[in-house]
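Model, not experiment: these values are computed from the prediction. Scope of the values below: all heavy atoms of this structure, side chains included, with no hydrogens, waters or symmetry mates. Just follow the structure's listing: the first ligand is 1, and inside any ligand the first atom is 1.
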Amino acid sequence: MVRNPEFVQRIYTTDFSYFMDRGFDIDEKTNPLDAHIFLLSGAKWRYVRSKLSPIFTSGKLKWMFSGMNKCVQSLTSHLDKTISFGKDVDMKEDASGLTTEVISSCAFGIEAQSIGNPDGRFRVFAKKAIEGNLIKNFVRNVSPRLFTLLKMRSLPIEVEKFIMDLVAQSFNHRLTTGYTRNDFIQLLLQLREKGSVEFEDLDEEDEREKNSLTHHEQDKNVIELNDNILGAQLFVFLVAGYETTASTIYHLFYLFSKYPKCQDKAREEVKKALAKHGDYTYQMVSELPYLSNCIDETLRLFPPLVINFRVCNKDYTFPDGTTIEKGTKIVLPTYAIHHDPSNFPNPEEFRPERFEQSIAKGSYAPFGDGPRVCIGKRFALVEIKLTFARLLMSYLIKPSDRGNEVKFNPKSFLLQVKDGLLVKLEKL
Ligand code: HEM
């Protein structure tokens with residue numbers, strides 16, 4: 001386990017070439033949906049990541065923004081209905097409904113009606129896809145080889161079939177009818193047909209990602225971008241994207257209910273931005289620095305991935321002389337690093353102002369860092385900002401009279417509350 005921020009930074013960025021992989025073994029025949037960038041290693045990972053990077057640039061996010069906006073509007077209608085019955089709102093349930101709807105719409109091109117509908121088909125399959133099986137997860141983490149040798153299945157068969165059928169039908173429908181939509185399926189089809197998606201309308205972060213990955217000519221064709229591989233990427237956007245984003249949204253609802261001054265300050269900022277831009281646009285949500293700090297602080301207190309992994313692929317010596325051997329699995333304890341008082345004084349306090357100063361490298365990594373940083377980071381941040389921009393203008397967030405203490409689900413590999421998370425919303 002490595003928790004010294006300087007060493008963490010070396011693993012994520014400076015000496016990334018030693019720590020590129022997470023150390024999973026993939027058997028694509030037994031588990032075709034496993035061939036996605038979270039699990040892939042080495043040249044295969046680098047090649048697929050470089051092909052997917054253009055899909056997550058700011059230009060493409062702007063393109064998908066109106067789809068996200070529609071989903072957040074549906075959430076507002078649903079919340080209006082709930083509070084009109086005098087009920088408190090279970091933000092765990094409603095945030096999960098929202099983020100599933102956003103992913104089903106932006107990734108799969110499907111309006112799945114997941115908001116306020118926990119039994120909707122898409123929600124049920126999404127939940128099943130991330131539900132852990134303790135024994136399976138243990139074997140996979142401790143001995144990835146054994147997992148492959150035993151031909152263990154990573155997903156329930158019905159989930160695999162649901163996703164693969166969905167991808168095949170969507171590709172077919174678009175190709176035969178010429179139907180287009182601003183979503184990931186469209187971009188992956190472009191990738192399949194033309195071999196690449198153009199990098200366009202790049203900002204600084206896009207440039208960094210582009211430069212870190214495009215100079216590996218030798219990786220070309222290490223893996224064929226067929227429908228199975230593309231389907232696996234859509235699948236990982238769903239599993240990596242929906243519960244992580246929902247967890248951040250409901251934890252910030254909880255924090256705003258406990259810290260009304262921070263809530264008011266964020267609302268004032270949104271009001272001014274709305275007056276300046278006239279509507280909820282991509283540009284408008286990009287100009288909310290205080291709300292951004294609130295989100296960063298939420299991710300510090302409640303990082304959805306409490307630990308991260310890397311495997312060392314060549315013997316490596318840290319500056320203090322500690323040497324680790326090739327093949328050593330490294331745990332990066334994100335939650336512990338974020339709650340260490342030597343990194344963040346009074347770590348249990350919600351203090352968004354911390355992020356007005358620059359944060360020491362290696363001490364804050366809710367999305368990981370370096371060339372293997374979360375590819376959906378900006379997608380998630382835009383979605384969360386847009387959600388709060390709209391909802392702060394509609395509701396006052398208060399603690400529920402029935403209490404809303406956070407109790408974590410010990411069975412989940414994500415930081416997830418165990419039961420619901422109630423808040424009281426008052427219409428403004
Ligand atoms: C608040 C929301 C999210 C959090 C906190 C989060 C966190 C993370 C973390 C910690 C990693 C590991 C990075 C590393 O090892 O350096 C990761 C990887 C990844 N995330 Fe996210 N994530 C979020 C949302 C999303 C979304 C919305 C998507 C897709 C639409 C997504 C897709 C991925 C993928 C595909 C990877 C694997 C990247 C690779 O290995 O190249 N994530 N995420």
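Between Phe408 and Tyr335, the distance from one ring center to the other does not fall under 6.0 angstrom. Centroid-to-centroid, the aromatic rings of Phe237 and Phe56 come within less than 6.0 Å. Ring pair His338/Tyr364: centre-to-centre distance below 6.0 Å. Between Phe388 and Phe253, the ring center distance clears the sub-6.0 Å criterion.
Of the protein's non-hydrogen atoms, Pro366 O, 3.2 Å is the one closest to atom 10 (C) of ligand 1. If you check which protein heavy atom lies closest to atom 38 (C) of ligand 1, you get Arg49 NH1, 3.5 Å. Among protein heavy atoms, the minimum distance from atom 12 (C) of ligand 1 is reached at Arg22 NH2, 3.4 Å. Protein heavy atom at the shortest distance from atom 16 (O) of ligand 1 is Arg310 NH2, 3.0 Å. Here the protein heavy atom with the shortest distance to atom 36 (C) of ligand 1 is Phe38 CD1, 3.8 Å. Scanning the protein heavy atoms around atom 1 (C) of ligand 1, the nearest turns out to be Thr248 OG1, 3.3 Å.
By the criterion of a heavy-atom distance under 4.0 Å, the side chain of Asn308, and not its backbone, is placed next to ligand 1. Using a 4.0 Å cut-off between heavy atoms, Thr334 makes no contact with ligand 1 at all.
Between Glu101 and Ser105, the side chains place no donor N or O within less than 3.5 Å of an acceptor N or O (distance only, hydrogens not considered). Counting only N and O atoms by type, the side chains of Asp279 and Thr281 include no donor and acceptor under 3.5 Å apart.
Inspection of the environment of atom 21 (Fe) of ligand 1 yields the following protein N, O or S atoms under 2.8 Å: Cys374 SG.
Those atoms of ligand 1 with a heavy atom of Pro304 less than 4.0 angstrom away are 5 (C). Taking a cut-off of under 4.0 Å to the non-hydrogen atoms of Arg372, the atoms of ligand 1 that pass are 13 (C), 14 (C), 15 (O), 16 (O), 39 (C), 40 (O), 41 (O). When each atom of ligand 1 is checked for a heavy atom of Phe379 under 4.0 Å away, the hits are 27 (C). Residue Val373 has at least one heavy-atom neighbour below 4.0 Å for each of these atoms of ligand 1: 16 (O). The contact set between ligand 1 and Asp369, taken as ligand atoms under 4.0 Å from a residue heavy atom, comprises 16 (O). For ligand 1, the atoms closer than 4.0 angstrom to any heavy atom of Trp45 are 39 (C), 40 (O), 41 (O). Less than 4.0 angstrom separates some heavy atom of Val236 from each of these atoms of ligand 1: 35 (C).
Salt-bridge check for Arg174 with Asp183: passed, with a basic side-chain N closer than 4.0 Å to an acidic carboxylate O. The pair Glu353-Lys265 counts as a salt bridge, with a side-chain nitrogen and a carboxylate oxygen less than 4.0 angstrom apart.
In this structure, Glu269 contributes its side chain and Leu291 its backbone to a donor-acceptor pair below 3.5 Å. Under a 3.5 Å cut-off, the side chain of Asp34 and the backbone N or O of Ile26 do not form any donor-acceptor pair.
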Practice problem: Begin with the C-alpha distance, continue with both residues' side-chain angles, and end with the deciding distance and a verdict on side-chain contact (heavy atoms from CB on, under 4.5 Å) for Thr328 and Tyr316. | Solution: CA-CA 10 Å; Thr328 308; Tyr316 179 78; over 6 Å; no
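Here the options are Val423, Thr99, Leu75, the test is side chain to side chain contact (heavy atoms under 4.5 Å, CB included), and the partner is Asp94; only Leu75 passes.
Taking the ring axis of Phe65 as reference, the NZ or CZ atom of Lys62 does not stay both within 45° of it and closer than 6.0 Å to the ring centre. A cation-pi arrangement is absent between Lys385 and Tyr290, since the terminal nitrogen or guanidinium carbon is not both under 6.0 Å from the aromatic centre and inside a 45° cone about the axis.
By the 4.0 Å heavy-atom criterion, Tyr12 is counted among the residues contacting ligand 1.
Of the options Tyr242, Phe235, Phe302, Phe56, the smallest heavy-atom separation from atom 30 (C) of ligand 1 is shown by Phe56.
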